Structures are given as C-alpha cells and as structure tokens.
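Everything on this sheet refers to the single structure shown next.
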Amino acid sequence: MNIIPFEESHLEVLEKNIRNRKMYMLTNDTGEISKDWSWLCKNKGHSHTVMQDGEIVYVTGCIIAWKGVADVYLIGSDKIEEHKVFVARSVMTALYMVEQAFKLHRVQATVKEDYTSARKWMEWMGFKNEGILKNFSPERENYVMYARTRGYQ
C-alpha cells in the first residue's frame with residue numbers, strides 16, 4: 001500500500017468505483033464528483049490517498065469546520081473490503097495525527113443509518129453516536145452523526 005498526498009483528480013479516478021457515490025455528486029445529477037467538494041478536501045484540512053498496484057483503495061481526511069472542529073471522511077472503492085485491517089490501522093493512526101496537528105477537540109462524521117459495519121467501525125474507533133440526521137442525503141436517507149471529543153484547550 002502506498003499513502004500519497006491527495007489530489008483533486010483522485011476523486012475523478014475513484015468516482016467510477018465509489019461507495020455512497022450520490023453523497024459526493026453535484027446537485028444537477030451529472031454523475032460527476034462535486035468540484036467544490038474535491039477542492040475542500042484538498043484545501044481546507046488534511047487528506048491523503050491510499051493506493052495499491054496503481055489503483056485507489058480509498059481517500060480519507062478531514063475538512064476543518066472551524067477552530068478545533070473537523071469533519072472526517074473516508075471515500076472507499078470496492079477494494080476497501082479486501083484490506084480491512086490495514087484500513088483500520090492506517091485510519092486510526094491518521095486520525096490521531098490530525099487531531100494532534102490541528103489541536104482538534106471534536107472530530108465528527110456521518111454514516112448512513114443502515115450501513116451497520118461502518119457504524120460498528122466508528123464506535124470501535126471511539127466515536128459516539130449523537131443521533132439520527134433525518135433526510136440527510138440527496139435521496140433523503142437517514143444518517144447517524146458520530147463524534148469523538150478530546151480535551152484540547
């Protein structure tokens with residue numbers, strides 16, 4: 001596995017094999033990844049891309065909402081299931097490093113309500129379920145807000 005700096009073009013490559021694709025599409029349903037969202041990943045936080053054999057396995061990182069708070073995300077391809085242990089370890093390490101570097105007292109993420117394995121994984125990483133976000137996605141699907149808080153001042 002190779003961990004490389006995120007580039008906006010990585011989402012364009014990944015978009016043909018992306019999970020929860022509709023969450024990252026433009027509102028005009030062109031089927032393309034939102035250029036604004038790609039720009040946020042690149043410029044308003046920290047992001048990296050994980051590749052194997054020249055193919056993107058996942059993109060992950062955080063978007064700083066304001067001082068001390070960030071939204072974290074992981075956009076995976078279908079290959080992510082083949083590398084569960086590596087993904088778990090690398091994301092946990094990256095999350096810790098980002099929390100330290102940006103002095104984050106809160107990191108938060110949303111997970112589709114019926115995505116049980118991802119919800120269990122969030123809880124394994126120390127995130128707490130803060131409640132259901134009704135009609136959250138473009139398709140009006142419910143998501144669950146998860147957060148992990150620290151005592152940084």
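From a predicted model like this one, the values you see are computed outputs, not experimental measurements.
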Problem - Rounded distance (nearest 0.5 Å) linking atom CG of Asn135 with atom CG of Asn142 - result: 6.0 Å

Exercise for the section: Could you tell me whether a side-chain N or O of Thr93 sits under 3.5 Å from a main-chain N or O of Ser90, the two making a donor and an acceptor? Expected result: no

Practice task
Give the ring-plane orientation class for His48 versus Tyr58, where under 30° counts as parallel, over 60° as perpendicular and anything between as tilted.
Solution key: perpendicular

Exercise for the section: Return yes when atom CH2 of Trp124 has more than 12 non-hydrogen atoms of other residues, nucleotides or ligands closer than 6.0 Å, and no otherwise. Expected result: yes

Exercise for the section: Could you tell me whether Arg106 and Glu130 make a salt bridge, using a distance below 4.0 angstrom between a side-chain N and a carboxylate O? Expected result: yes

Exercise for the section: Measure the shortest side-chain to side-chain distance between Ile80 and Leu74 over non-hydrogen atoms and say whether it is less than 4.5 angstrom. Expected result: yes

Fill in the blank from the handout: Taken to the nearest 0.5 Å, the spacing of Met1 CE from Asp53 CG works out to 9.0 Å

Handout entry: Within-4.5 Å side-chain heavy-atom neighbours: Leu104 and Val69
Key = no

Completion exercise
Closest non-hydrogen contact found for Cys62 with Val72 is CB-CG1, 3.8 Å

Handout entry: For the student: nearest non-hydrogen atoms of Met122 and Ala109, plus distance
Key = CE-CB, 3.5 Å

Problem - CG-NE2 distance between Leu95 and His46, expressed to the nearest 0.5 angstrom - result: 11.0 Å

Practice task
Taking all non-hydrogen atoms of both residues into account, name the closest pair between Asn129 and Arg119 and its distance.
Solution key: ND2-NH2, 3.3 Å

Handout entry: Spacing of NZ belonging to Lys120 relative to OH belonging to Tyr115, to within rounding of 0.5 Å
Key = 12.5 Å

Practice task
Locate the shortest heavy-atom distance separating Phe127 from Val107; write the atom from each residue and the value.
Solution key: CE2-O, 3.6 Å

Problem - pair Lys112-Glu141: side-chain heavy atoms closer than 4.5 Å - result: yes

Problem - Point-to-point distance, once rounded to the nearest 0.5 Å, from CE of Met145 to CG of Asp71 - result: 6.5 Å

Exercise for the section: For Ser47 and Tyr73, test the side chains for any donor-to-acceptor distance below 3.5 angstrom and give the result as yes or no. Expected result: yes

Problem - Test side chain to side chain contact (heavy atoms under 4.5 Å, CB included) applied to Tyr146 and Thr110, step by step - result: CA-CA 6 Å; Tyr146 283 91; Thr110 55; over 6 Å; no

Practice task
Is it possible for you to say whether Trp121 and Val111 belong to one hydrophobic cluster, with membership spreading through side-chain heavy-atom contacts below 4.5 Å?
Solution key: yes

Exercise for the section: Can you establish whether the number of heavy atoms outside Met97 located under 6.0 Å from its atom CE is more than 12? Expected result: no

Problem - The single option from Gln108, His105, Glu99 passing side-chain hydrogen bond (donor to acceptor under 3.5 Å, both in side chains) against Arg148 - result: Glu99

Fill in the blank from the handout: Heavy-atom nearest pair, Gly54 first then Met51, reads O-CE, 3.4 Å

Handout entry: Nearest atoms (heavy-atom pairs only) where Ser77 meets Ile56
Key = OG-O, 3.3 Å

